[in-house]
K.L.:
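One structure is given below, represented as C-alpha cells, and several questions about it will come after.
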Amino acid sequence: MSRRFLTSEDVRRAGSPEIVVEPGTLVTPQAQDEAERLGIAIRTQAGAWSEPRPDRGPDAQRAQATLPHLPEPPPDEEETPTGVVVTAVGRNRPGILAEITGLLQEVRGDVLSLSQRVTGQYFHLILLVNLPAEASFQDVKQALQCLGGEDDYVVRVMHERVFRFMHRV
Amino acid sequence: MPFQDHEILETLRMFELETLDIRTTTLGINLLDCADPDLESTAEKVYAKVVHHARDLVAVAGAITADLGVPIVNKRIAVTPIAWVAAASGARDLTPLARAMDAAAKAVGVDFIGGFSAYLYKGFTRADLALLESIPSALSSTDHVCASVALASTRAGINMDAVARFSEVVLETARRTADHGGLGCAKLVCFCNAVEDNPFVAGAHIGVGEGETVLNVGVSGPGVVRSALERLGPQADLLAVAETIKRTAFKVTRMGELVGREAARRLGTTFGIVDVSLAPTPAAGDSVSDILELIGAERTGAPGTTAALALLTDAVKKGGAMASSSVGGLSGAFIPVSEDSGMIAAVRDGALSLSKLEAMTSVCSVGLDMVAVPGDTPAHALTGIIADEMAIGMINSKTTAVRIIPVPGKGPGETVEWGGLLGTAIVQNVGAFGCARLHQRGGRIPAPMQGYKN
C-alpha cells in the first residue's frame, strides 16, 4: 500500500511487530518514537526505512531539466564560467597591486584582465580572475576581503555571473 | 575586460551602499496530502513534511550568498491554506496545526512560515470558520506563524459576514498580544484578490493552482532607486524619472532572477516567480517614502503623492517584467507605515493621514499595511476600513490588503515600538464616525460588472 506518511496513530494501530512502507513514505518523528517505544520495526522491501531524499513533485523533475535552458546573457569570449571579479577601492599607495596579485598567485588564480584608475588620492582596481577548479571561492573571497583595512583599501569579490546578469540582456 | 569599470562599480555600490539585497527566498510546500481525520496526525504530517522539504533552505541560501556574493536576508516558508488541510479532521480549534508549523519553522531556521489561511470570499466551510476562530489563539501562542484570509475577489464580491467576523478576530488577536503592543496583528492580513504565490509575509501561502513545491523570490531595492533618483537630480522631467526608475528596477530584479534560478536548481525544485515589489525596511535610505518625496511630493501624504506612487509602481513593474522570466506575487510598491522610516515621519508630522493612505492603495499593490489604530477602535469601524479596501481591489481588479493593528491602551498620536523589521508605529486617528449599521447588515456585496469578462 502506497502511503505518503506513517504517523504515530498508524503505528499504534499496526498490531504487528513490523510495518512495511514504501521508500518514499515519510515516517513522522512521533511515529519513529512510538515504534521504538513499542518495539516495532519500520522497514521497506529492501531493508530498514530511512528518510528519503525530498521528492519536490511532478513539476520539479521537468523544471530541473528545463532550467539550464532559460536564456542567460552569454559570457564574452574572454570570460569563463568560473570567472571572479575582484574589486579594490581606497587610498592609493605603493604595494596594493602586489598584495592582491600576490594572494592570487598563491591560489593559482589566472588574471584574465585588469583595469585600474587613480583619481587624486584614491584608486579603483578591477581584476577578472579565473580560479582553478580546485580552489574554494569562499576561501579565496575571505582571504582577499581581509586585505587592506580602514583608511587603506577595501576588496570585494563577486562571481562574474552577477555582473553579467545585471548589465547584459 | 568584458565589463566597463562603471558597471562593476555600480553593482558593488548597489550592494555595499544602497542596501540592495534579496529580501526573501520563500519555499512553497503543498500540504494537502497531510489531511487526516485525526487532527494530531495532521499536525504530525505538517511538521514532518515542512521539515523534510525545508531542511536545506537556509543552508542553500547561505551557499548562494557565499558563492555569488548576493545577500539573502530572509528565508521563509509558504504552505497551503491550513483550512483546507484541516477540513478532513472536522476540528474546531486549529491551533495545534499552527504549533506544528511554528515548530517546523524553528527546526529549519526560517523566520516566518505563512499559510495559516482560508479563502472566505464566497462563503464559509466548517473548516474555514474553524481557521478564522483559531487565529487569535494561533498567533498569540506561536512566534513564526503568519495568518491570512481572502475576504473578497472581483469574481465573487465581498463577503461582508467574513469581514465583520474578521474585524472581531483582529481585535481579539490584539487583546491576546497586548503585552507586545498587539503584535499578533502584524502577522495577520486580509486580501481582496489574494495572490497565490506571494513570497512576502504576512500574506505568503501556496494557492490552489500551485504545484507540490516551488521556490519564489522577493527582491529589495528602494535604496537603489532612491540613489538613482538623487543622481538624476531635481531638474529632470517626470518621463526621465519614470525611465530612470524602470532601468534601475530592471537591474534590481535581475538579482532576483539570478538567485531564484540558483536556489531552485540547488534545491531541486521549480523556480516559481520573482516578486518585483519595492519593499522598504526601517534602515536609513531604504524607504519608499523618500522616493515619493524625491519624485516631487513635499512630504508623503501631501497632494501629488498618489500620482508619484502611480508612476513609481508602474515603472517598477515595467523594469521588472523585462528582467524576469516569471514575475508574480504582489509586484508593486509596499507602503508599510511602520516599516518605512519616511512613512513613520510623515505620520508623526501630520502629513500622512489614513484617508490619504487609502487613496494611495488604489495605485500600488499592497493596501493598508502595518497601520496602527487605537486599541478601543470598535469592530464596526474596522469593518468599514477593511470593506473600503476590499472595494478598491474588487472594482479595480487588483490586489488590496489590510494589515491593521489596534494597539491596546494607546490612542491617536501615541507611539508603539515593535522593533526589528516591524519597526515603530504611530497610532492613527480613525475619525469620530463609524458604520455600525453596515457592520450589522452582513451578507455579500455582489461581484461587480468587472468580474463578468466572458
Side-chain angles (χ1 to χ4, degrees), chain A residues 4-10 26-31 51-64 67-68 70-73 75-79 83 85 87 89 112-117 124 126-128 137-138 141 154 156-169, chain B residues 1-5 7-12 14-16 29-30 33-34 36-38 40-49 51-56 63 66-70 107 210-215 250-252 254-255 257-259 261-262 264-265 267-271 322-323 325:
Chain A
R4 306 280 297 138
F5 297 92
L6 192 77
T7 65
S8 58
E9 189 61 24
D10 294 330
L26 206 52
V27 179
T28 70
Q30 293 90 333
E51 182 159 340
R53 287 189 58 214
D55 172 6
R56 305 294 191 193
D59 301 321
Q61 211 173 17
R62 194 179 44 77
Q64 288 295 299
L67 204 57
L70 266 180
E72 255 187 56
D76 286 6
E77 287 168 39
E78 30 185 305
E79 296 169 36
V85 176
T87 311
V89 175
L112 298 177
S113 58
L114 183 153
S115 170
Q116 177 185 300
R117 190 183 182 87
H124 74 250
I126 301 171
L127 305 99
L128 179 63
F137 177 87
Q138 251 299 76
K141 175 179 150 161
V154 169
R156 286 292 175 261
V157 181
M158 289 181 102
H159 205 280
E160 65 78 35
R161 199 166 162 222
V162 173
F163 304 94
R164 199 160 26 99
F165 249 79
M166 188 181 275
H167 297 289
R168 300 287 177 270
V169 169
Chain B
M1 176 64 68
F3 302 105
Q4 306 267 319
D5 283 13
E7 292 174 322
I8 305 281
L9 295 173
E10 179 186 7
T11 302
L12 281 167
M14 287 186 186
F15 283 111
E16 295 291 315
I29 306 169
N30 194 300
D33 56 1
C34 298
D36 195 288
D38 172 48
E40 279 305 317
S41 298
T42 311
E44 265 186 54
K45 295 180 189 180
V46 164
Y47 176 87
K49 189 167 186 186
V51 170
H52 177 68
H53 278 291
R55 181 174 278 125
D56 296 330
D67 288 348
L68 295 178
V70 178
E210 297 279 326
E212 187 73 12
T213 60
V214 68
L215 193 287
F250 171 85
K251 292 176 182 172
V252 168
R254 288 301 278 166
M255 295 298 94
E257 178 75 5
L258 171 61
V259 168
R261 294 187 194 185
E262 257 319 285
R265 186 182 66 80
L267 286 166
T269 183
T270 325
F271 173 32
M322 180 60 191
S325 56

K.L.:
Side-chain contact, heavy-atom cut-off 4.5 Å: M166(A) with E10(B)?
P.N.:
no

K.L.:
When rounded to the nearest 0.5 angstrom, what is the spacing between CZ in F3(B) and CD1 in I126(A)?
P.N.:
10.5 Å

K.L.:
Give the minimum heavy-atom separation between V162(A) and M255(B), together with the two atoms involved.
P.N.:
O-CE, 3.4 Å

K.L.:
To the nearest 0.5 Å, what is the distance between CZ (F15(B)) and CZ (R156(A))?
P.N.:
12.5 Å

K.L.:
Need one label for A323(B): side chain, backbone, both or neither, based on atoms under 4.5 Å from any heavy atom in chain A.
P.N.:
neither

K.L.:
Return yes when atom CD of Q61(A) has more than 12 non-hydrogen atoms of other residues, nucleotides or ligands closer than 6.0 Å, and no otherwise.
P.N.:
no

K.L.:
For E212(B) and P58(A), which heavy atoms make the closest approach, and how far apart are they?
P.N.:
CB-CD, 4.2 Å

K.L.:
Please check this pair: side chain of E44(B) against backbone of S8(A), looking for a donor-acceptor N/O pair closer than 3.5 Å.
P.N.:
yes

K.L.:
Quick check on P52(A) against chain B: is it the side chain, the backbone, both or neither that has a heavy atom closer than 4.5 Å?
P.N.:
both

K.L.:
Using non-hydrogen atoms and a 4.5 Å limit, figure out which bit of L26(A) sits close to chain B: side chain, backbone, both or neither.
P.N.:
side chain

K.L.:
With a 3.5 Å distance limit and no angle check, can you tell me whether Q138(A) reaches the backbone of D67(B) through a side-chain donor-acceptor pair?
P.N.:
no

K.L.:
Please round to the nearest 0.5 Å and tell me the distance separating atom CZ of R164(A) and atom CZ of R254(B).
P.N.:
10.0 Å

K.L.:
Just wondering, do L9(B) and V89(A) contact through their side chains at under 4.5 Å, heavy atoms?
P.N.:
yes

K.L.:
What part of R53(A) lies closer than 4.5 angstrom to a heavy atom of chain B: side chain, backbone, both or neither?
P.N.:
backbone

K.L.:
Nearest heavy-atom pair of Q64(A) and R265(B): which atoms, and what distance?
P.N.:
OE1-O, 3.3 Å

K.L.:
Which heavy atom of H167(A) sits nearest a heavy atom of T11(B), and at what distance?
P.N.:
NE2-OG1, 2.6 Å

K.L.:
What heavy-atom pair brings P29(A) and Y47(B) nearest, and what distance separates the two atoms?
P.N.:
CG-CE2, 3.9 Å

K.L.:
Is S325(B) close to chain A through its backbone or its side chain, or both, or neither, when contacts mean heavy atoms under 4.5 Å?
P.N.:
side chain

K.L.:
Would you sort out whether T270(B) and D59(A) count as a side-chain hydrogen bond (donor to acceptor under 3.5 Å, both in side chains), showing the intermediate values?
P.N.:
CA-CA 7 Å; T270(B) 325; D59(A) 301 321; 4.7 Å; no

K.L.:
So which part of A63(A) gets closer than 4.5 Å to some heavy atom of chain B, the side chain, the backbone, both or neither?
P.N.:
side chain

K.L.:
Sort L267(B) into side chain, backbone, both or neither according to what part of it lies under 4.5 angstrom from a heavy atom of chain A.
P.N.:
both

K.L.:
Taking M322(B), K49(B), M14(B) one by one, which has the highest count of heavy-atom pairs under 4.5 Å against chain A?
P.N.:
K49(B)

K.L.:
If you count heavy-atom pairs under 4.5 Å with chain B, which of L127(A), L6(A), T28(A) comes out on top?
P.N.:
T28(A)

K.L.:
Between F163(A) and chain B, with a heavy-atom cut-off of 4.5 Å, which part of the residue counts as in contact: side chain, backbone, both or neither?
P.N.:
both

K.L.:
Is it the case that the side chain of R56(A) and the backbone of H53(B) share a donor-acceptor pair, with hydrogens and angles ignored and the cut-off at 3.5 Å?
P.N.:
yes

K.L.:
When you look at E40(B) and Q30(A), which way does the side-chain contact (heavy atoms from CB on, under 4.5 Å) test go after all the steps?
P.N.:
CA-CA 10 Å; E40(B) 279 305 317; Q30(A) 293 90 333; over 6 Å; no

K.L.:
Who among P71(A), G57(A), P54(A) has the most heavy-atom pairs with chain B under 4.5 Å?
P.N.:
P54(A)

K.L.:
Is the backbone N or O of L68(B) less than 3.5 Å from a side-chain atom of R161(A), with the two atoms forming a donor-acceptor pair by type?
P.N.:
no

K.L.:
Go through the atoms of F165(A) and report whether side chain, backbone, both or neither lie under 4.5 Å from a heavy atom of chain B.
P.N.:
both

K.L.:
Check each atom of E210(B) against the heavy atoms of chain A and say whether the ones under 4.5 Å are side chain, backbone, both or neither.
P.N.:
neither

K.L.:
What are the two closest non-hydrogen atoms of F137(A) and A66(B), and how far apart are they?
P.N.:
CE2-O, 2.9 Å

K.L.:
Could you tell me whether E9(A) and K45(B) have a side-chain N and a carboxylate O separated by less than 4.0 Å?
P.N.:
no

K.L.:
Using a cut-off of under 4.5 Å on heavy-atom pairs, state which of V27(A), D55(A), V169(A), D10(A) scores highest against chain B.
P.N.:
D55(A)

K.L.:
Calculate, to the nearest 0.5 Å, the distance between atoms OG1 and CG belonging to T87(A) and L12(B) respectively.
P.N.:
4.5 Å

